[in-house]
Amino acid sequence: MLSRDLLRSDSENVREKIAARGADADLVDRWVELDRNRRQLLGDLEELKRRRNEASKRIGELKRKGEDTEDLIAEVADLKGRVTGFEAEVAAVDGALEETALSFPNIAHESVPAGVDEEANRVERVVGEPRQFSFESKAHWDLGPELGILDFERGAKVAGARFTAYFGAGARLERALINFMLDLHTSQHGYREVQPPFIVNTDALIGTGQLPKFGDDLFKLEGHEYYLIPTAEVPVTNLHRQEILDEDELPVKYVAYTPCFRAEAGSYGRDVRGLIRQHQFNKVELVHLTTPETSYQALEELTASAERVLQLLELPYRVVCLSTGDMGFGAAKTYDLEVWLPGQNAYREISSCSNCEAFQARRAGLRYRPKDGGKPRFLHSLNGSALAAGRTLVAVLENYQCEDGSVLIPEVLRPYFGGLEKITAAS
RNA sequence: GGAGGGGUGGCAGAGUGGUCGAAUGCACCGGUCUUGAAAACCGGCGACCCUUCACGGGGUCCGCGGGUUCGAAUCCCGCCCCCUCCGCCA
């Protein structure tokens with residue numbers, strides 16, 4: 001949600017910024033019109049209510065004295081009818097206003113490159129060098145089944161397309177990656193680990209911006225107002241929904257491992273092979289809640305924490321600043337981490353780190369009380385994958401493959417493998 | 001799932017139809033006193049919306065949503081959450 005003050009005072013600017021992200025700018029005009037309308041109605045309504053309250057109070061006084069109240073009661077009855085009518089009107093306008101407000105994407109930060117899609121993304125830095133293979137490298141969808149650690153057919157058998165079963169060292173590698181990431185962020189980067197529910201309600205999804213617009217991408221539980229989480233961002237960011245935190249408690253930094261579930265409507269035909277685009281995947285997520293003054297510093301910090309995982313795993317990657325047109329709905333600025341995948345001869349997204357500024361905070365009621373005791377202010381919320389475990393497993397398999405089809409286990413993961421150094425078909 | 005109890009301000013806790021946005025205590029902030037602190041005393045102390053340059057004014061909120069009434073924290077209906085016991089279960 002955007003700030004009401006901004007929409008009122010600078011609607012031209014908002015029109016422009018929203019159009020830059022491919023949203024319908026006419027909605028801004030609609031919002032402004034509805035808002036003006038609402039305030040007019042509200043003024044009239046409150047005046048009627050004031051008169052009604054006053055009369056009711058006098059009825060009480062008169063009755064205590066045993067005086068006649070017939071006329072006043074008749075007057076209030078008349079006011080009551082008019083109040084009811086106005087209330088219905090205000091409720092209708094409120095509904096429309098809310099619906100419109102929830103449909104606006106966030107406004108991009110000034111440092112974000114303008115553009116309609118990923119073509120306009122800006123590469124911030126490239127870290128590490130793609131490995132030169134002395135043999136023909138394989139993609140993970142060949143390596144995994146050959147090693148017997150990834151089984152796409154059996155995943156499809158028990159669930160369907162885009163579900164995978166991990167066996168043996170594959171399952172252990174996924175688990176090792178998750179534990180390694182959690183341990184790193186909690187012990188080195190100052191995050192508090194949290195295990196949130198993997199199922200959330202409608203309010204939570206509105207809070208972080210998935211609803212009402214993107215319901216098609218979610219798995220909904222039949223017969224319930226429950227959804228499987230598409231990312232830990234949803235339950236974790238909403239943990240403090242409708243709360244007012246003390247500034248002393250900030251920043252709040254959480255790390256959470258969760259599975260993620262995405263219906264991915266509209267993605268058919270893309271990444272049909274392998275683990276890249278699944279209906280279920282594991283992810284370690286970082287979430288910050290912080291003050292507006294510190295949120296961009298926090299974005300750099302959060303991104304650096306995610307990068308640290310790739311650095312320690314010694315995987316080549318680059319950092320990309322997404323363009324205005326390529327960013328997600330709620331983000332003001334997003335860095336994607338793209339890992340090098342030899343099997344595809346390309347950098348592929350493995351993390352997305354965003355500052356949502358107050359966009360989610362306004363929706364979810366995330367506020368803090370400033371140290372000086374002033375009025376509560378909206379927090380800034382940030383989130384980022386650190387990292388998506390499935391895609392990290394892909395990167396490890398493809399980057400650490402050997403000529404004989406085995407896969408070396410990265411140094412930092414070996415403690416999680418009981419010292420094992422290599423994944424072979426037998427493991 | 002069944003039975004019972006309960007949801008009131010930051011916390012505790014009164015309040016069962018009108019003068020209740022809500023007693024009281026604690027916490028917190030300011031002041032008096034004090035060399036300083038504590039104690040004592042005095043005062044202040046919720047959120048949101050509309051309006052105002054400002055001072056201020058008005059409206060809404062006692063879990064949520066409806067209803068009864070001139071008037072609801074208080075009465076009625078539905079829902080949610082918490083607690084206790086039973087059942088089931090990892």
Side-chain angles (χ1 to χ4, degrees), chain A residues 1-9 11 31-102 195-207 211 221 223-227 235 238-250 252 258-259 358 360-379:
Chain A
M1 220 162 355
L2 300 174
S3 142
R4 248 192 338 219
D5 291 343
L6 183 68
L7 278 161
R8 283 174 184 164
S9 65
S11 61
W31 188 93
V32 169
E33 175 63 28
L34 284 166
D35 180 56
R36 192 180 301 128
N37 193 220
R38 170 175 176 272
R39 278 189 282 181
Q40 174 67 51
L41 285 168
L42 204 57
D44 295 346
L45 171 64
E46 290 185 351
E47 168 61 16
L48 286 175
K49 283 186 170 179
R50 186 190 64 74
R51 285 162 59 191
R52 182 199 63 189
N53 292 345
E54 211 167 74
S56 283
K57 196 174 262 185
R58 281 191 45 219
I59 290 171
E61 290 165 8
L62 291 176
K63 284 212 163 169
R64 233 168 295 115
K65 295 187 208 154
E67 291 176 26
D68 180 58
T69 57
E70 283 302 312
D71 293 351
L72 266 179
I73 289 183
E75 186 189 328
V76 174
D78 173 55
L79 284 170
K80 195 183 169 188
R82 296 169 62 194
V83 164
T84 306
F86 268 98
E87 277 179 339
E89 279 192 69
V90 170
V93 173
D94 269 340
L97 204 52
E98 166 100 347
E99 190 189 331
T100 309
L102 288 176
Q195 281 213 26
F198 301 163
I199 290 175
V200 290
N201 58 33
T202 306
D203 285 343
L205 288 156
I206 289 173
L211 289 180
L221 271 60
H224 301 271
E225 279 304 307
Y226 285 141
Y227 297 80
N238 278 286
L239 285 172
H240 295 291
R241 162 182 199 81
Q242 298 299 338
E243 290 184 21
I244 301 175
L245 304 177
D246 285 331
E247 187 171 354
D248 295 339
E249 305 173 58
L250 304 176
V252 170
T258 73
Q360 295 179 324
R362 285 191 205 96
R363 291 174 162 243
L366 305 169
R367 292 179 297 171
Y368 75 100
R369 173 95 54 193
K371 276 200 189 93
D372 62 23
K375 292 190 66 147
R377 301 170 71 202
F378 286 116
L379 290 157

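By convention in this document, chain letters (A, B, ...) are assigned in the order of the sequence lines, proteins followed by strands, and residues within each chain are numbered from 1.
To the nearest whole angstrom, the two C1' atoms, one in B/A22 and one in B/C61, are 12 Å apart. The gap from the C1' atom of B/U19 to that of B/G13 amounts to 23 Å, rounded to the nearest Å. For the C1' atoms, the distance linking B/U16 with B/G2 amounts to 30 Å, nearest Å. Taking atom C1' in both B/G15 and B/C80, the straight-line distance is 24 Å, to the nearest Å. On the P atoms, B/C26 is 43 Å away from B/C70, given to the nearest whole Å. A gap of 27 Å separates the P atoms of B/C11 and B/G59, to the nearest Å. Comparing B/C49 with B/A54, their P atoms are spaced 15 Å from each other, to the whole Å. Across B/A14 and B/A39, the matching P atoms stand 27 Å from one another, rounded to whole Å.
As judged by a 4.0 angstrom heavy-atom cut-off over every strand, A/Arg4 is placed among residues touching the sugar-phosphate backbone only. Among the heavy atoms of the strands lying under 4.0 Å from A/Arg367 are primed sugar atoms or P, OP1, OP2 only; no base atom is included. Looking at heavy-atom distances under 4.0 Å, A/Leu42 makes contact with sugar-phosphate atoms alone, never a base. Residue contacts shown for A/Arg377 are absent, as no nucleic acid heavy atom lies under 4.0 Å away.
One finds no salt bridge joining A/Arg58 and A/Glu54 here, because no Lys/Arg side-chain nitrogen approaches an Asp/Glu carboxylate oxygen to under 4.0 Å. Note on A/Glu47 versus A/Arg82: no salt bridge recorded, every NZ/NE/NH1/NH2 to OD/OE distance being 4.0 Å or above.
To the nearest angstrom, P of B/C70 lies 7 Å from CD1 of A/Ile73. Rounded to whole angstrom, the span from the CG atom of A/Asp248 across to the C1' atom of B/G10 amounts to 14 Å. Atom CZ of A/Arg52 is separated from atom C1' of B/U69 by 12 Å (rounded to the nearest Å). One atom, OH of A/Tyr226, and another, P of B/C80, lie 9 Å apart when rounded to the nearest Å. Atom-to-atom, CG of A/Leu48 to P of B/G71 comes out at 14 Å; the value is rounded to the nearest Å. Distance A/Arg369 CZ to B/A27 P: 19 Å, rounded to the nearest Å. Spacing between atom CD of A/Glu54 and atom C1' of B/G18 amounts to 15 Å, rounded to whole angstrom units. Atom CG in A/Asp5 sits about 14 Å away from atom C1' in B/C48, given to the nearest Å.
Side-chain contact between A/Glu46 and A/Phe86 is absent, with no heavy atoms from C-beta onward closer than 4.5 Å. A heavy-atom distance below 4.5 Å is not found between the side chains of A/Asn201 and A/Glu225. Taking the side chain as every heavy atom from C-beta outward, A/Tyr227 and A/Thr202 approach each other to under 4.5 Å. Taking the side chain as every heavy atom from C-beta outward, A/Leu41 and A/Val93 approach each other to under 4.5 Å.
Nearer to the 5' terminus of RNA chain B, by closest-nucleotide assignment, is the contact made by A/Ile244 (compared with the other of A/Lys80 and A/Ile244). Comparing A/Arg39 and A/Lys49 by the nucleotide of RNA chain B whose heavy atom lies nearest to each, the residue mapping closer to the 5' end is A/Arg39.
Figure legend. B/C85 is base-paired to B/G2; pairs are counted as Watson-Crick or G-U wobble with both atom distances under 3.5 Å. When both pairing distances are held under 3.5 Å, B/C41 makes a Watson-Crick or G-U pair with B/G31. Base pairing of B/G36: no nucleotide in any strand meets the Watson-Crick or G-U wobble criterion (both distances under 3.5 Å). In this structure, B/U69 makes no Watson-Crick or G-U wobble pair, since no nucleotide meets both defining distances under 3.5 angstrom. In this structure, B/A14 makes no Watson-Crick or G-U wobble pair, since no nucleotide meets both defining distances under 3.5 angstrom. With a 3.5 Å ceiling on both atom-pair distances, B/G9 lacks any Watson-Crick or G-U wobble partner. Base pairing analysis places B/G46 opposite B/C61; the two distances defining the Watson-Crick or G-U wobble pair are each below 3.5 Å.
Side-chain N/O atoms of A/Asn53 include one lying less than 4.0 angstrom from OP1 or OP2 on B/G59. The side chain of A/Lys375 places an N or O atom within less than 4.0 Å of a non-bridging phosphate oxygen (OP1 or OP2) of B/C48.
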Checking salt bridge (charged side-chain N to carboxylate O under 4.0 Å, His left out) for the pair A/Lys49/A/Glu87: CA distance, chi angles, key distance, verdict?
-> CA-CA 10 Å; A/Lys49 283 186 170 179; A/Glu87 277 179 339; 3.3 Å; yes
